[in-house]
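As a basis for the values below, the full set of heavy atoms in this structure was taken, side chains included, without hydrogen atoms, waters or symmetry mates. Sequential numbering from 1 along the given sequence is applied to the chain's residues.
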Amino acid sequence: MSRIRCILRGIDLRTCILLFVLVPTCIFGIYIHGQKISYFLRPLWESPPKPFHDIPHYYHENVSMEKLCKLHGWGIREFPRRVYDAVLFSNEVDMLTIRWQELYPYITQFVLLESNSTFSGIPKPMVFASHRDQFKFVEPRLTYGTIGGRFKKGENPFIEEAMQRVALDQLLKIAGITDDDLLIMSDVDEIPSAHTINLLRWCDDIPQVLHLRLKNYLYSFEFLVDNKSWRASIHRYQTGKTRYAHYRQADEILADAGWHCSFCFRHINEFLFKMKAYSHNDRVRFSHYLNPKRVQRVICKGADLFDMIPEEYTFKEIIRKMGPIPHSYSAVHLPSYLLENADKYKFLLPGNCLRESG
C-alpha cells in the first residue's frame, strides 16, 4: 500500500484526469470504429491479389459475329454452344426478372436453386416458389430445385453457402448440362449482358474459364461504384472438373461484360433482410444500422449501409473512395428490359432513390 501511495503522490491532478478520461475514450473509440481502423490499415497487412489479364471487349450491333470473334482473336463456330444460367436464389425477384429477360434469347436452360434458409441460418420463405407465376416466360426452360437448410447457429455462413453451391452442381446435372456447354456462374445481381453471352456462345477457342468484368453499382444504377466487379464467370463445362463457385478461378477476364447491382431492392424490408441474412452479416455491428429511416437516408445519400471503409489494397484507393458515391445521371447501356419497363423499375434508375416501406 505504501508503494501505491508513493506512486499516487507523484501523479498530479492533470495526469489523473488525462488517464481517467483519455483511456476510456480511446477504448470506446476502438470499440465503435475498430472495424474502420482495421480496413483502413488493410494495405499494411494484406497485399493486393494478382492482377487479371484483361481481354478487350469489342461490340457493335452492326458488326458481324464473325468479325467480332476475329477481333477477340477467336474463330467462329458453325453453330452456337448451348448455355446454362445457374443461380442460388434468396429474395431478389426484381433483379432475377431483369436478368432472365436480358439473357432469355440465348439461354438453353435456366437453373435455380432455392433454400428455406439464408446463408447465416435464418429461416426464410420460398420466395421464388411463391412468385413463380411471374416467370412463366422461362417455364419451358426452367430447372428449379430446393434444398433444406441446416440451421446451425453460430456456424460460419460461408459453410452453408458452400453446401448450397454443391447442391447446385447436382441440379445442373439434372438439367442436362454436357461437355463444352457454357455455364454462367454468378449471383442473381451479377448480370452478364446479352451480347456478351451471344459472343461467347458463337466464338470458338474461348478460354476454358473466363471471368466477366462488370460495372459495379450500389442500390440502383444511379450509384456507379467502379468497374471492378469480377466474381461472375463463364465456363466451358467439363464433366467431373467444373464445380460451381464464386471465387477467382482463372486469370483472364473480359472487359465491360455486364452489370453488378448490389442491394438493388424495391422495399426497405428487403434491405433489412439481406443485411441480416447474407454471408457478411457480421457487418451489422449495431442495432441502429437496421433502422428503416436510417437505411432510407443512406440509400439516397449513396453512403455505406454498414458504415465501412472501402475494401481496397492501397491507401490511395481507400482515400479516393471514402465518402458517399457520386450520383450518376446516365441510363445509357443498361439492360433493355429495365428501360422498356422504366415505370415499373423506376427505383433502379437515376433520380428515384426513395423506396417502398413494405
Side-chain angles (χ1 to χ4, degrees), residues 85 87-105 107 110 112 127-128 130-135 137-138 184 186-197 212-232 256-275 277-278 292-306 321 324-358:
D85 181 38
V87 295
L88 295 177
F89 182 79
S90 178
N91 66 329
E92 313 97 325
V93 173
D94 288 312
M95 293 308 296
L96 182 67
T97 303
I98 293 169
R99 176 193 184 94
W100 281 0
Q101 289 284 358
E102 173 73 14
L103 298 177
Y104 181 80
I107 301 300
F110 295 93
L112 183 145
V127 178
F128 181 82
S130 62
H131 289 80
R132 191 163 178 169
D133 284 349
Q134 298 181 26
F135 298 95
F137 67 99
V138 301
I184 303 171
S186 69
D187 287 349
V188 170
D189 58 9
E190 297 168 336
I191 306 174
S193 62
H195 68 78
T196 295
I197 300 306
L212 305 177
R213 193 177 293 284
L214 311 178
K215 291 182 178 178
N216 201 16
Y217 295 89
L218 187 64
Y219 310 140
S220 73
F221 293 99
E222 180 172 352
F223 297 105
L224 176 60
V225 180
D226 55 35
N227 296 298
K228 295 183 178 181
S229 180
W230 57 265
R231 290 185 178 274
D256 199 6
W259 315 268
H260 179 195
C261 198
S262 184
F263 279 88
C264 290
F265 296 116
R266 181 187 298 271
H267 302 103
I268 291 293
N269 64 2
E270 292 176 293
F271 285 87
L272 302 180
F273 176 81
K274 181 167 182 177
M275 290 172 74
Y278 84 140
K293 291 183 179 179
R294 174 192 175 270
V295 171
Q296 180 62 82
R297 288 195 303 271
V298 169
I299 294 168
C300 285
K301 191 177 179 181
D304 191 277
L305 283 170
F306 305 99
K321 284 190 173 182
I325 305 164
H327 294 254
S328 168
Y329 298 98
S330 171
V332 179
H333 301 306
L334 296 181
S336 60
Y337 183 79
L338 170 61
L339 298 181
E340 289 168 355
N341 296 271
D343 289 341
K344 183 178 179 180
Y345 297 106
K346 65 180 181 180
F347 69 96
L348 292 174
L349 296 171
N352 297 281
C353 69
L354 294 179
R355 295 300 195 265
E356 299 175 26
S357 60

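- Nearest heavy atom pair, residue Lys321 against residue Lys228, reads NZ-CD, 4.5 Å.
- Judged by distance alone, with hydrogens and angles left aside, the side-chain atoms of Arg213 form no donor-acceptor pair with the main-chain N or O of Ser229 at under 3.5 Å.
- The shortest side-chain heavy-atom distance between Phe89 and Leu112 falls under the 4.5 Å cut-off.
- Lys293 is not listed as a side-chain neighbour of Gln296, based on a closest heavy-atom distance of 4.5 Å or more.
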Exercise answer: donor-acceptor pairs, residues 342-354 side-chain atoms, under 3.5 Å, sequence neighbours excluded:
| residue | atom | partner | partner atom | Å |
| --- | --- | --- | --- | --- |
| Asn352 | ND2 | Lys346 | O | 3.3 |
| Asn352 | ND2 | Pro350 | O | 3.1 |

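- Nearest approach of Ile268 to Ile299, heavy atoms of both residues: CD1-CD1, 4.0 Å.
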request  = Before giving the answer on side chain to side chain contact (heavy atoms under 4.5 Å, CB included), spell out for Asp85 and Ile197 the whole-Å C-alpha distance, their side-chain angles and the decisive distance to 0.1 Å.
outcome  = CA-CA 10 Å; Asp85 181 38; Ile197 300 306; over 6 Å; no
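- Smallest separation of non-hydrogen atoms from Glu92 and Ser90: OE1-N, 3.2 Å.
- The side chain to side chain contact (heavy atoms under 4.5 Å, CB included) with Met95 is formed by just one residue from the set Cys264, Pro335, Ser262; it is Cys264.
- Residues Asp304 and Phe306 share a closest heavy-atom pair of OD1-N, 2.7 Å.
- A pairwise comparison of heavy atoms in Ser186 and Val87 identifies O-CG1, 3.6 Å as the closest pair.
- Partners of His131 by ring-ring contact (aromatic ring centres under 6.0 Å, His included), not counting sequence neighbours: none found.
- Within the 4.5 Å cutoff, the side chain of Leu103 has heavy atoms near those of the Ile184 side chain.
- Going from atom CG of Leu96 over to atom CD of Gln134 covers 9.5 Å, rounded to the nearest 0.5 Å.
- Residues Trp100 and Phe135 bring their aromatic ring centres within 6.0 Å.
- A distance-only check finds no donor-acceptor pair linking the side chain of Arg231 to the backbone of Glu190 [under 3.5 Å].
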query = Should Leu305 and Met275 be marked as a side chain to side chain contact (heavy atoms under 4.5 Å, CB included) after you check the CA-CA gap, both sets of side-chain angles, and the distance that decides it?
reply = CA-CA 8 Å; Leu305 283 170; Met275 290 172 74; 4.2 Å; yes
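- The side-chain heavy atoms of Leu88 and Asp187, taken from C-beta on, include no pair separated by under 4.5 Å.
- A donor-acceptor pair is defined here as one N or O able to donate and one able to accept, closer than 3.5 Å; no such pair exists between the side chain of Gln101 and the backbone of Ile98.
- With hydrogens and angles disregarded, no donor-acceptor distance shorter than 3.5 Å links the side chain of Arg266 to the backbone of Val93.
- Here the CZ-SG distance, from Arg99 to Cys261, works out to 13.0 Å after rounding to the nearest 0.5 Å.
- Proximity of Asn227 to Asn216: side-chain heavy atoms (C-beta onward) are nowhere separated by under 4.5 Å.
- Ring planes of Phe263 and Phe271: parallel class, angle under 30° (limits at 30 and 60°).
- If you take OG on Ser193 and CG on Asp256, they are separated by 7.5 Å, rounding to the nearest 0.5 Å.
- Here the CD atom belonging to Glu356 is positioned 10.0 Å from the CG atom belonging to Asn269, to the nearest 0.5 angstrom.
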query = After noting the C-alpha distance and the side-chain angles of Tyr104 and Tyr337, does the key distance pass the side chain to side chain contact (heavy atoms under 4.5 Å, CB included) rule?
reply = CA-CA 11 Å; Tyr104 181 80; Tyr337 183 79; over 6 Å; no
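- The backbone N or O of Ala194 lies less than 3.5 Å from a partner atom in the side chain of Glu102, making a donor-acceptor pair.
- When every heavy atom of Ala303 is checked against every heavy atom of Leu218, the shortest pair comes out as O-CD2, 4.2 Å.
- With values rounded to the nearest 0.5 angstrom, Ile325 atom CD1 is found 9.0 Å from Asp226 atom CG.
- The shortest side-chain heavy-atom distance between Phe265 and Asn91 falls under the 4.5 Å cut-off.
- A ring pair (Phe, Tyr, Trp, His ring centres under 6.0 Å) with His327 is found for exactly one of Phe223, Tyr219, Phe221, namely Phe223.
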